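The chain is numbered in sequence order, starting from 1. Keep in mind that what you see is a predicted model, and the values were worked out from it rather than measured. Note that ligands are numbered from 1 as they come in the structure, with each ligand's atoms numbered from 1 the same way.
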Amino acid sequence: MITGIQIKNQVENVVSAKVAVWQRELAAAVRDPLALMQVLGLEEYPPSPALPPQGVKGAEEAARQFRLLVPHSYIARMRKGDWNDPLLRQVLPLDAELQVVEGFHADPVGDNQALVADGVLHKYHGRVLLVTTGACAVHCRYCFRRHFPYSESNPVKGEWEGALAYIRANPDVCEVILSGGDPLTLADERLALFFKQLNGISHVKRVRFHTRLPVVLPSRIDAGFLQMLATIRQQVVMVIHANHAQELAADDVRQALAALHSAGVTLLNQAVLLRGVNNSVQAQVNLSEALFAERVLPYYLHVLDRVAGAAHFEVAETEAVHMVDGMRQQLPGFLVPKLVREVAGEKAKTPIF
Ligand SMILES: *Cc1c(COP(=O)(O)O)cnc(C)c1O
Ligand code: SF4
């Protein structure tokens, strides 16, 4: 006799078989600051450095404006009991974010003006950038997208028709960049649907992913994803995003990057220069070395986009230049990233040094 409970179990098994490990890990990511503190053995929310101590209340309000989100794999790389851990600093809401600072705006990059179709940004020659989704696997406190309400961020809709039509109609587009949000939060089936159609557009030579998932949720690089990658006709570039060597110091991250390298993907990194996270020559040298050990080349080091709520992360441009100069004295040229700023309306990232 089959009981109701057995049937329920069978149904659940069928459903869970379709949910990949990475999707379960994303669903289980920490969203509550107090829960994060508990895992890390931290007590009492820190008063913000150099600001009137609004303490917990300010931090709670900051978390309401842009909620905390961080997967356990990333948390496992944080030092226990250390408020100044460079990974924790990137994800923990602080009251400092509530400070209104002149020159810091909601849309510092001017992306809204570059939208040419649903979710398609065409700012630079030969390259289009697709805002494939508003979702990420981590919420970085310094992100310039922190003020884009996800429902209104114009991601590519439905079955990609609008984006594909635009690419088809513009033969000078030779590179398609999947960005977001984070494109790797999309299921393999949805990505496969896009690439199947992109394969038929002969003027597209390269596809590029801008993604933080190999670093923050490395289980995303699973067999299903690698199979999907193998169906792509174009050369594949993946620009990952790590800001500190400690982000790469885990077996799951190393395995993910090794698998991508074996799959023939060109791996690059972009980082953001962040006060209290990576604003020393030594931290940057260590990051470059750690990246190359996993066969990733440093590409860009961005100075902070001046987004409201992130002023406390800013590093003065003179200090940034000084740091990159220090890197050049210690590293081969190919391990020194380009220091750049995003300037609204410019035809490329603006080199600083
Ligand atoms: C950064 C960016 C690109 C890519 O620029 P590269 O210099 O090729 O890395 C493309 N489109 C938009 C809208 C961008 O912001
Ligand atoms: S993963 Fe990228 S897009 Fe998402 S919050 Fe972090 S910096 Fe922003």
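Judged by the shortest distance from any of its heavy atoms, Q270 lies outside the 4.0 Å radius around the atoms of ligand 1. For D182, the heavy-atom gap to ligand 2 stays at 4.0 angstrom or more. Remark: distances from the non-hydrogen atoms of E342 to ligand 1 include one below 4.0 Å.
Close contacts of ligand 1 with Y299, meaning ligand atoms under 4.0 Å from a residue heavy atom, involve 6 (P), 7 (O), 8 (O), 9 (O). Counting atoms of ligand 1 from 1 in the listed order, those under 4.0 Å from a heavy atom of I177 are 3 (C), 4 (C), 10 (C). Atoms of ligand 2 found under 4.0 Å from any heavy atom of R212 (numbered from 1 in listed order, with element): 1 (S). Ligand 1 places these atoms under 4.0 Å from at least one heavy atom of R208: 4 (C), 6 (P), 8 (O), 9 (O). Using a 4.0 Å cut-off to heavy atoms of Y300, the atoms of ligand 1 that qualify are 6 (P), 7 (O), 9 (O).
Under 3.5 Å, the side chains of Q255 and D251 contain no donor-acceptor pair of N or O atoms. Q234 and E175 share no donor-acceptor pair across their side chains, judged by distance under 3.5 Å alone.
A salt bridge is defined here as a Lys NZ or Arg NE, NH1 or NH2 lying under 4.0 Å from an Asp or Glu carboxylate O, and D325 with R328 fails to meet this definition. Using a cutoff of 4.0 Å between basic side-chain nitrogens and carboxylate oxygens, E342 and K349 are scored as salt-bridged.
Taking only nitrogen or oxygen atoms, main chain and side chain alike, K123 does not reach within less than 3.5 Å of ligand 1. Considering both main-chain and side-chain atoms, H210 never comes within under 3.5 Å of ligand 1 through any nitrogen or oxygen pair.
Among residues at least two apart or in separate chains, side-chain hydrogen bond (donor to acceptor under 3.5 Å, both in side chains) pairs with a member in residues 182-192 are D182-T211, D188-R220.
Heavy atoms of R146 found under 4.0 angstrom from ligand 2: none, in either backbone or side chain. Neither the backbone nor the side chain of H125 comes within 4.0 Å of ligand 1, counting heavy atoms alone. At a heavy-atom cutoff of 4.0 Å, ligand 1 is contacted by no atom of V239, backbone or side chain.
Residues satisfying the ring-ring contact (aromatic ring centres under 6.0 Å, His included) criterion with Y74, sequence neighbours excluded, are absent altogether.
When each of H312, R146, Q65 is tested with E97 by the rule side chain to side chain donor-acceptor pair (under 3.5 Å), just one qualifies, namely R146.
Formation of a donor-acceptor pair under 3.5 Å by the Q90 side chain with backbone atoms of P86 is found in this model.
Residue contact annotation: C136 places an N/O/S atom under 2.8 Å from atom 4 (Fe) of ligand 2.
Other residues, nucleotides and ligands place more than 12 heavy atoms under 6.0 Å from the NE2 atom of H72.
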